[in-house]
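Every chain is numbered from 1 and lettered A, B, ... according to where its sequence line falls, protein lines coming before strand lines. Not measured: the values here are computed from a predicted model.
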Number of protein chains: 2
Amino acid sequence: MGRDRGGARQVAITIKDVAREAEVSVATVSRALNGRDNVAPEVRSHVQEVAARLRYVPHSAARSLITRRTQTIGALLPDMHGEFFSELIRGIDRAARAQSYHLLLSSSHGDAGETAIALQAMLGRVDGLLIMSPHADPGFVEEYLPPTLPAILLNPVHGHTRLPALAVDNRAGAYAMTRHLAHCGHRHIAFIAGPKGNLDAEERLQGYLDALRELLPGVEPQVVPGDFSEESGYRAGSLIARQKPLPQALFAANDSMAIGCLFALGEAGLRVPDDIALAGYDDIPSARFTQPPLTTVRVRIADLGGRAFDQLVALVASDGQTKAQLHSVQMLAPELVLRASCGMNGSKTTSPTPLEEKKRTQIEPDARRRSTSAIPKNR
Amino acid sequence: MGRDRGGARQVAITIKDVAREAEVSVATVSRALNGRDNVAPEVRSHVQEVAARLRYVPHSAARSLITRRTQTIGALLPDMHGEFFSELIRGIDRAARAQSYHLLLSSSHGDAGETAIALQAMLGRVDGLLIMSPHADPGFVEEYLPPTLPAILLNPVHGHTRLPALAVDNRAGAYAMTRHLAHCGHRHIAFIAGPKGNLDAEERLQGYLDALRELLPGVEPQVVPGDFSEESGYRAGSLIARQKPLPQALFAANDSMAIGCLFALGEAGLRVPDDIALAGYDDIPSARFTQPPLTTVRVRIADLGGRAFDQLVALVASDGQTKAQLHSVQMLAPELVLRASCGMNGSKTTSPTPLEEKKRTQIEPDARRRSTSAIPKNR
DNA sequence: GCGCGGACTGTAAACGTTTGCAGACCCCTT
DNA sequence: AAGGGGTCTGCAAACGTTTACAGTCCGCGC
């Protein structure tokens with residue numbers, strides 16, 4: 001079986017080899033292997049058997065040359081670190097494998113220029129593009145993206161774009177957390193803000209402000225500056241610890257700052273949550289290791305990636321026809337993770353609280369993608 | 001400029017369009033754009049100008065159909081979380097972009113079967129493969145991998161393989177850390193082990209045992225079981241805290257366990273490092289946030305990925321001829337990160353200590369790839 | 001003046017698929 | 001017995017490149 005072929009060195013098996021071996025034409029092989037219905041059943045199984053025996057793998061370049069499909073989508077991602085990045089990739093990758101698509105990755109783009117170059121390089125090789133670009137102006141995308149290539153933005157969008165987008169609803173998450181703190185009985189809730197230009201940071205701040213205005217009218221908001229770093233959280237924490245009337249609760253725009261803040265509060269002799277409640281945002285892994293464990297807002301990153309991928313494939317499949325319909329911005333609702341630091345829920349267990357519907361298009365809540373594993377695997 | 005073309009809907013620009021517009025043959029366009037030298041300079045620049053104006057992008061499938069190169073390498077990775085995964089990808093991606101290669105990613109493989117399927121799917125689409133498979137038997141790789149396709153393993157290898165491999169020298173790292181603890185004056189050093197079947201865990205244990213035997217002859221090793229989880233570290237810590245003669249130092253096979261252990265020691269009223277020194281392995285981000293910051297062993301993951309990629313491309317370029325030469329196992333030396341928890345170095349700053357040469361092939365130390373950023377970026 | 005070589009350019013084949021079209025065959029109906 | 005229809009199969013074109021080969025043109029040396 002599998003007779004030697006004349007040539008000097010072994011070249012890849014092609015459809016012709018299968019055809020010769022199975023004693024049919026290449027057209028029949030193609031039809032049999034691609035599941036067309038106009039093939040006699042016994043011929044089909046024979047061809048399949050021969051193909052398997054020869055370990056035939058279709059040459060994807062040849063195939064996509066004629067079908068004009070690559071079965072590949074590209075992901076253009078910025079320079080990201082840690083859990084956020086890996087979760088996003090995980091979600092995209094899972095969805096891709098489920099649809100038997102391939103994933104062409106290009107990450108670590110520092111600026112719009114790098115992203116544009118990477119975009120160029122991907123042009124012939126993908127059926128669609130997932131683009132995450134924190135750079136203020138996504139105009140370069142419209143500049144370099146061929147109008148026919150489906151693409152989905154993973155950004156918090158700010159203004160006009162002809163591309164559909166998917167984003168985490170930062171504002172809704174911050175709103176919900178603030179509401180939770182209010183429900184705990186806290187009235188004086190201070191907020192440690194993120195860096196100025198950052199869209200995520202500003203949306204979170206907005207959620208805090210909105211909730212305060214709507215749920216605790218008359219209470220003055222207090223915003224302490226920060227920049228998402230642990231150090232800035234530490235500084236904010238020691239500042240607040242010296243405050244004459246201590247706030248009842250402290251809400252940091254991300255977990256890193258909350259952790260830094262926790263250190264500062266501890267140094268000042270304040271106990272969390274007894275003397276002051278604390279909450280963060282992101283649910284980074286360290287959040288569950290702090291003492292006390294940190295109440296925070298979890299963002300289902302893997303879900304975000306998976307959903308974006310599925311939408312993109314739908315766009316690809318529809319050949320750009322549904323494009324007009326899907327030309328929208330969808331928001332993915334985050335969920336609260338209540339741990340001990342807010343004083344409400346002393347247990348260590350996670351109890352997700354679904355958020356209510358927020359403005360713009362909303363995604364139906366479902367949980368088909370598995371929850372992100374809490375404990376980091378080995379290593 | 002860019003005159004309308006007759007057809008109904010806009011199809012991609014091909015080399016023929018450029019040829020027609022530039023009034024030369026397609027062969028000349030190809031030669032001009034690919035930098036062949038047998039093209040008149042003025043013709044070349046004219047063609048380049050026209051191609052740019054038409055936004056011509058070569059159809060990569062057509063190109064690789066004939067060149068038999070895809071300019072793409074594939075990465076087959078297991079189901080990984082967090083920093084380790086993202087650093088690895090970052091390193092690979094950077095190297096890929098530097099060599100203008102594309103990266104086809106398939107991750108989250110739970111078992112050998114999934115990896116094999118993913119491998120199959122990638123077969124026609126990549127020039128080479130980077131494979132990381134923690135599954136005990138990499139035999140399936142040899143089974144499904146065409147003999148002509150260059151590939152590099154990212155595993156700690158255990159025994160025979162015809163593939164070149166690159167791995168982190170777990171044993172050397174554990175050895176160096178144990179030596180450091182001994183240099184600090186500790187003699188009774190206990191080790192919290194990782195899960196039984198795990199290769200990383202066993203290599204680390206071996207490093208500890210070797211160091212103890214060679215550097216502190218006569219001292220009895222103490223190995224406490226663990227499974228890499230924070231909980232198991234906690235259990236090990238409370239066990240040890242109750243010990244009659246307390247060990248002077250405690251070395252956990254990974255940081256998660258060290259952190260769990262730290263909690264347990266704290267609950268038992270023991271101060272680190274005054275009452276007992278503590279060290280971990282991996283340098284996960286949380287390691288620098290603990291109180292006191294954790295002394296640990298850092299693994300330059302991004303470097304590992306980048307090196308592996310560069311070697312793979314060299315293999316691809318050499319058309320498999322150097323394969324015999326490169327058929328080796330290279331070890332990447334980790335470095336110590338001394339923080340306060342070991343009692344030696346009270347400062348918070350990282351001071352990497354290069355390791356001495358260890359057995360097998362060793363990689364020349366260089367630091368061309370930038371250090372992994374310490375503080376997690378925004379989000 | 002003629003041939004020769006060098007520099008450049010064009011023609012066409014090849015890469016491995018998919019698929020429209022047409023042919024072959026068989027069975028059924030008339 | 002002839003024709004019609006259905007089912008299956010093969011032929012060959014097409015996809016967009018690269019590149020071997022065969023020119024063409026020009027200048028130069030004889």
[X] side chain N/O closer than 4.0 Å to the phosphate oxygens (OP1, OP2) of [N]?
X      : N       : result
R68(B) : dG16(C) : yes
S30(A) : dT17(C) : no
R63(B) : dG16(D) : no

Assess the side chains of S25(B) and T28(B): does a donor N or O sit below 3.5 Å from an acceptor N or O?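 There is such a pair between these side chains.
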Is it the case that the side chain of [X] and the backbone of [Y] share a donor-acceptor pair, with hydrogens and angles ignored and the cut-off at 3.5 Å?
X      : Y      : result
T67(A) : R63(A) : yes
D17(B) : T14(B) : yes
D93(A) : I89(A) : no

Looking at E23(B), I want to see if its CD is surrounded by more than 12 non-hydrogen atoms of other residues, nucleotides or ligands under 6.0 Å.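 No, not enclosed.
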Quick one: [X] [atom1] to [N] [atom2], roughly how many Å, whole number?
X      : N       : atom1 : atom2 : value
R20(A) : dG16(C) : CZ    : P     : 12 Å
H59(B) : dT17(C) : NE2   : P     : 16 Å
Q71(B) : dT17(D) : CD    : C1'   : 15 Å
R69(A) : dA14(D) : CZ    : P     : 22 Å
I66(B) : dG16(D) : CD1   : P     : 14 Å

At under 4.0 Å between heavy atoms, how does the protein contact nucleotides 5-12 of chain C? Give one character per nucleotide, 5' to 3', with B, S or -. ---SBBB-
Minimum heavy-atom separation for A19(B) to V29(B), with atom names?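 Smallest interatomic distance, heavy atoms only, reads CA-CG2, 3.6 Å.
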